[in-house]
Participant: 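Before anything else, here's the structure in question.
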Amino acid sequence: MSLPGNRRTAVVGAALSRCGRVDDATAYTLHAQAARRALADAGLDRSLVDGFASAGTGVLAPVEVAEYLGLRPTWVDSTAVGGSTWEVMAAHATDAIASGHANAVLLVYGSTARADVKAGRRTGDLSFGARGPLQFEAPYGHTLIAKYAMAARRHMLEHGTTIEQLAQVAVQARANAALNPEAMFRDPITVDDVLSGPMVADPFTKLHCCPRSDGGAAVLLAAEEYVRDCRTAPVWVLGTGEHVSHAAMSQWPDFTVSPAAVSGRLAFERAGVGPDEMDFAEIYDAFTYMTLVTLEDLGFCAKGEGGAFVEKGRLKVAGGELPVNTDGGGLSAQHPGMRGLFLLVEAVRQLRGEAGARQVRRPDGELPRLAVASGTGGWFCSSGTVVLGRD
């Protein structure tokens, strides 16, 4: 066993709750279902969990969720930075475990975003309020999707990226989803299908955007001495990085560079590996442009070459050089909001060889050994990147 400060951290449990269309459950129910499944996956008793991280539910998250789950943690994290929350929390949990401040940390999320809209409990519009820096943008109707659309247009202007190339991201995500029985949308789509859909925010038509869904996810991280007691093989956290960029669009220096350019560099440096060594990538994809620009910023291709990179089918599990969003991603599998935890679950399943028909294989036929999960929050406001590997 390593001394505190040097302990390695492994993901020992990973699971999803019911996902997609869930009309008969609360967000708390989905938290509990995912948490129970992750603990069962690990084969550890919940009494061993002394760290807890959650965000997005309740007035005092994660206090309310911990109480609902019957946990009384001595280490807690409620960092909330949008979709990248869970990669950032994983980084914090890894540091806490390494220093001896926690031994087993549960990350859990649940949302009934789709069911709430259908039942009239909330509207379909996502508002972050109009206080602070946002007061200078809100009066102009600058919605979340409009911010992403504007950034995509800038990339198209500066680098010649085409709408057909962006559409390829959606097409390949759907091809991966077709291999995932848990995905919400599995029917194949074409570039023409994407381009001919109803306009949402220029240049994004409907299929450039993620669906609204329900669902939950949980990941259990534990110190290395717990690994021998676990039911599953460990997936080690090799390196992490986090970065915040801006709140107001006027303070974003370059619309074509996401905060993953910093978080990814830090994660790879700390892991001692490079993007060229990754067997697959799980990337936050609320919109097609997010996948393309994050691929650039993580170093899988040069800045401005994302369009050419994605148009050759590289992102597909079947025959792709770099399978991306192997479960279908937020564009086709599910997107309950703050989806970063789902990236970690899918990465763990792939590294363990538990992905079924969508299982990634190395060129020699062996299971993948290295992966990166990179979450994005807000409108490219924050990023968290985690490099994972197996023995």
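Keep in mind that what you see is a predicted model, and the values were worked out from it rather than measured.
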Participant: If you measure from OG on Ser213 to CZ on Phe342, what distance do you get to the nearest 0.5 Å?
Facilitator: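 Here the interatomic distance stands at 6.5 Å.
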Participant: So, Lys303 and Glu296, do they make that salt bridge, N to O below 4.0 Å?
Facilitator: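 Judged by the 4.0 Å cut-off on N to carboxylate O distance, Lys303 and Glu296 do form a salt bridge.
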Participant: Would Arg8 count as a cation-pi partner of Tyr226, with NZ or CZ less than 6.0 Å from the six-membered ring centre and within 45° of the ring normal?
Facilitator: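 That pair does not qualify as a cation-pi contact.
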Participant: Could you tell me whether Arg349 and Glu182 make a salt bridge, using a distance below 4.0 angstrom between a side-chain N and a carboxylate O?
Facilitator: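 Counted as a salt bridge, because a side-chain N and a carboxylate O are separated by less than 4.0 Å.
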Participant: Under the side chain to side chain donor-acceptor pair (under 3.5 Å) test, which residues partner Asp41, sequence neighbours left out?
Facilitator: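 By the side chain to side chain donor-acceptor pair (under 3.5 Å) rule, Asp41 matches Arg231, Arg352.
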Participant: Is Asp327 salt-bridged to Arg339, cutoff N-O under 4.0 Å?
Facilitator: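 Answer for the salt bridge query: yes.
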Participant: For the aromatic rings, using the six-membered ring if either is Trp, is the centroid distance between His335 and Tyr284 under 6.0 Å?
Facilitator: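 When the ring centroids of His335 and Tyr284 are compared, they turn out to be within the sub-6.0 Å range.
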Participant: Are Tyr289 and Phe255 an aromatic pair by the rule of ring centers under 6.0 Å?
Facilitator: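 No: the rings miss the under 6.0 Å criterion.
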Participant: Taking transitive links into account, so neighbours of neighbours count too, which hydrophobic residues share a cluster with Leu266 at under 4.5 Å side-chain distance?
Facilitator: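 Grouped by the 4.5 Å side-chain rule, Val262 form the rest of the cluster around Leu266.
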Participant: Any sub-3.5 Å donor-acceptor pair from Asp279's side-chain atoms to Pro368's backbone N or O?
Facilitator: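 No: the side chain of Asp279 does not pair with the backbone of Pro368.
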Participant: So Leu343 and Ser374, do their side chains get closer than 4.5 Å, heavy atoms only?
Facilitator: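 The answer is no, as the side chains (C-beta and beyond) never meet within the 4.5 Å cut-off.
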Participant: Any ring pair (Phe, Tyr, Trp, His ring centres under 6.0 Å) involving residues 349-371? Give me the pairs, sequence neighbours left out, ordered by first then second residue.
Facilitator: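 Of all non-adjacent pairs touching residues 349-371, none passes ring pair (Phe, Tyr, Trp, His ring centres under 6.0 Å).
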Participant: Is the distance between the ring centroids of Phe287 and Phe204 under 6.0 Å?
Facilitator: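 Yes: the rings meet the under 6.0 Å criterion.
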Participant: If you round to the nearest 0.5 Å, how far is CG of Asp23 from CG of Asp214?
Facilitator: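 Interatomic distance, Asp214 CG to Asp23 CG, rounded to 0.5 Å: 6.5 Å.
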